[in-house]
Amino acid sequence: MGATVLGIIGCGNISDAYLKGGARSQLVRVKSVADLRPEAAEAQAAAYGVQAVPIEALLADPEIEIVINLTVPLAHGEVSRRIIAAGKHAYSEKPLAGDFADGKRLMDAATAAGLLVGCAPDTFLGAAHQACRHALDSGAIGAVVGGAATVMSHGMEHWHPNPEFFFKRGGGPVLDMAVYYVTALVNLLGPVGEVTAIASTATPTRTVSSEPNRGQVITVEVPTTVNGILRFASGANIALSASWDVWKHRRLPFELYGTEGSLLVPDPNFFGGEPMATQRDGAWAPIAIADRPFGIPNRVTRTGANVADYRMLGVLDMACAIRAGRPHRASGAMALHVLEILEAFATASREGRHVRMTTSCERPAALGTGSDESVFG
Ligand SMILES: NC(=O)c1ccc[n+]([C@@H]2O[C@H](COP(=O)([O-])OP(=O)(O)OC[C@H]3O[C@@H](n4cnc5c(N)ncnc54)[C@H](O)[C@@H]3O)[C@@H](O)[C@H]2O)c1
């Protein structure tokens with residue numbers, strides 16, 4: 001069977017990762033790219049040997065089966081609904097939509113049309129997170145009772161070329177960054193029952209120090225520090241700190257505490273890393289990830305770190321799932337549950353209460369061991 005043909009709408013900063021991921025894979029072929037700014041689509045088309053077309057033409061192309069939505073967060077819901085209305089499966093960058101209500105409208109439209117929605121982050125499909133999932137499922141630390149997730153920095157206006165959207169509705173450290181941690185937690189522990197939080201905004205404006213918009217002053221419309229607590233349906237009680245008001249800190253990204261030991265989970269913004277576990281109060285020992293695909297570093301970040309970045313795995317899995325008639329792992333249902341959780345942090349803080357979730361989801365099936373994308377079956 002031939003490769004699944006893809007289109008991409010949105011040719012900004014993250015589109016390189018998807019175009020590189022598509023070029024690496026035997027399972028898919030990116031045919032066309034489109035953008036509100038035709039010059040952005042033309043530049044990426046020239047760089048990656050694909051074609052730039054108007055958005056309508058991409059949506060009307062009968063050969064394209066899945067359209068990847070890499071537009072800005074507030075456009076995600078509308079653009080993904082247009083993809084569904086065109087009779088194609090949609091795979092969106094995170095968050096699924098600008099808010100939970102919009103995400104629900106999208107999922108209802110897809111269900112009515114009999115089409116699939118997939119959504120980033122797909123980092124939980126990487127070697128490190130699958131190795132952690134296997135460790136938990138095989139009882140390495142017993143039942144998880146607690147944990148802490150931390151994602152804190154001084155924000156996006158120091159590096160992103162167009163950082164305004166990060167500080168508007170649909171952005172903020174929770175929707176933009178904590179989404180990786182909460183998705184990783186749902187993959188590891190299952191759905192969340194309730195959430196509470198205190199949120200704050202350290203400064204009303206941010207001044208851009210990256211090019212080409214250096215000096216631009218952005219009005220902040222979202223909380224930039226959120227300390228939340230998630231009670232999972234399993235009973236696990238996890239603290240999460242997400243902030244763009246922190247210059248430096250020494251907290252680990254992710255710790256889980258079980259009845260029989262503890263687990264250090266690597267940064268869920270990436271696919272690799274070095275998970276560690278203890279038995280009770282014994283010494284920390286590494287958990288091997290070498291027998292799993294998508295863990296070998298393949299990119300140097302702007303801060304010089306050597307990381308494994310295989311964005312696009314969620315699309316590859318979805319393409320295989322469509323062929324095989326099985327559920328896809330980076331699913332819209334999981335993304336909608338995660339979006340409800342993320343939105344609940346702000347609601348809980350504003351209203352001073354615990355917020356119960358109305359959605360739930362299955363944990364995605366674990367990936368087996370192997371050396372390449374054949375693990376998707
Ligand atoms: N940049 C990153 O490192 C990164 C990493 C992971 C995820 N993401 C996510 O990817 C998405 C895109 O981020 P980015 O950094 O590439 O943003 P960006 O601003 O660099 O690019 C977005 C592109 O979408 C286009 N666009 C906006 N609205 C559109 C519409 N309605 N129809 C068609 N095109 C439209 C814009 O013209 C622009 O070219 C965001 O949801 C972001 O959270 C970004």
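Numbers here are sequence positions counted from 1.
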Taking [X] for the side chain and [Y] for the main chain, is one N or O donor matched with an acceptor at less than 3.5 Å?
{"X": "Ser15", "Y": "Gly12", "answer": "yes"}
{"X": "Arg329", "Y": "Ala365", "answer": "yes"}
{"X": "His337", "Y": "Val192", "answer": "yes"}
{"X": "Thr196", "Y": "Arg353", "answer": "yes"}
{"X": "Gln130", "Y": "Leu367", "answer": "yes"}
{"X": "Thr183", "Y": "Val179", "answer": "yes"}
{"X": "Lys94", "Y": "Asp176", "answer": "yes"}
{"X": "Thr259", "Y": "Ala143", "answer": "yes"}
{"X": "Glu255", "Y": "Ser262", "answer": "no"}
{"X": "His76", "Y": "Glu93", "answer": "yes"}

Excluding sequence neighbours, so at least two apart, what forms salt bridge (Lys or Arg N to Asp or Glu O under 4.0 Å) with [X]?
{"X": "Glu39", "answer": "none"}
{"X": "Glu56", "answer": "Arg82"}
{"X": "Glu260", "answer": "Arg280"}
{"X": "Arg250", "answer": "none"}

Closest approach of Thr219 to Lys168 (non-hydrogen atoms, all atoms of both residues)
O-NZ, 2.8 Å
State, to 0.1 Å, how close Ala242 and Ala178 come at their nearest heavy-atom pair, and which atoms those are.
CB-CB, 4.1 Å
[Y]/[X] salt bridge by N-O under 4.0 Å criterion:
{"X": "Glu194", "Y": "Arg231", "answer": "yes"}
{"X": "Asp102", "Y": "Arg81", "answer": "yes"}
{"X": "Asp108", "Y": "Arg105", "answer": "no"}
{"X": "Glu211", "Y": "Arg214", "answer": "yes"}

Please check if [X] and [Y] belong to a single hydrophobic cluster, counting links between Ile, Leu, Val, Met, Phe, Trp and Tyr side chain heavy atoms closer than 4.5 Å.
{"X": "Val50", "Y": "Ile64", "result": "no"}
{"X": "Leu6", "Y": "Leu313", "result": "yes"}
{"X": "Leu339", "Y": "Leu240", "result": "yes"}
{"X": "Val72", "Y": "Trp159", "result": "yes"}
{"X": "Val117", "Y": "Val67", "result": "no"}

Going by heavy atoms in the side chains, are [X] and [Y] under 4.5 Å from each other?
{"X": "Glu343", "Y": "Asp99", "result": "yes"}
{"X": "Asp122", "Y": "Arg311", "result": "yes"}
{"X": "Met357", "Y": "Val355", "result": "yes"}
{"X": "Leu125", "Y": "Phe294", "result": "no"}
{"X": "Asp309", "Y": "Lys20", "result": "no"}
{"X": "Tyr257", "Y": "Asn237", "result": "no"}
{"X": "Leu256", "Y": "Ile238", "result": "yes"}
{"X": "Arg363", "Y": "Arg133", "result": "yes"}

Does a donor on one side chain and an acceptor on the other come within less than 3.5 Å for Tyr48 and Asp16?
yes
Would you tell me whether Thr224 and Asp245 have side-chain atoms, one donor and one acceptor, within less than 3.5 Å of each other?
yes
Report yes if the distance between the aromatic ring centroids of His158 and Trp244 is under 6.0 Å, otherwise no.
no
Applying side-chain contact (heavy atoms from CB on, under 4.5 Å), can you list everything that pairs with Thr123, at least two apart in sequence or on another chain?
Pro121, Tyr180, Phe271
Determine whether more than 12 heavy atoms belonging to other residues, nucleotides or ligands lie under 6.0 Å from atom CD of Gln216.
yes
Other hydrophobic cluster members with Val217, side-chain heavy atoms of Ile/Leu/Val/Met/Phe/Trp/Tyr under 4.5 Å, chained?
none
Begin from the C-alpha positions of Asp291 and Thr369 and carry the test side-chain hydrogen bond (donor to acceptor under 3.5 Å, both in side chains) through to its verdict.
CA-CA 6 Å; Asp291 56 342; Thr369 50; 5.1 Å; no
For the residue pair His160 and Phe166, does the interplanar ring angle fall in the parallel (under 30°), tilted (30 to 60°) or perpendicular (over 60°) class?
perpendicular
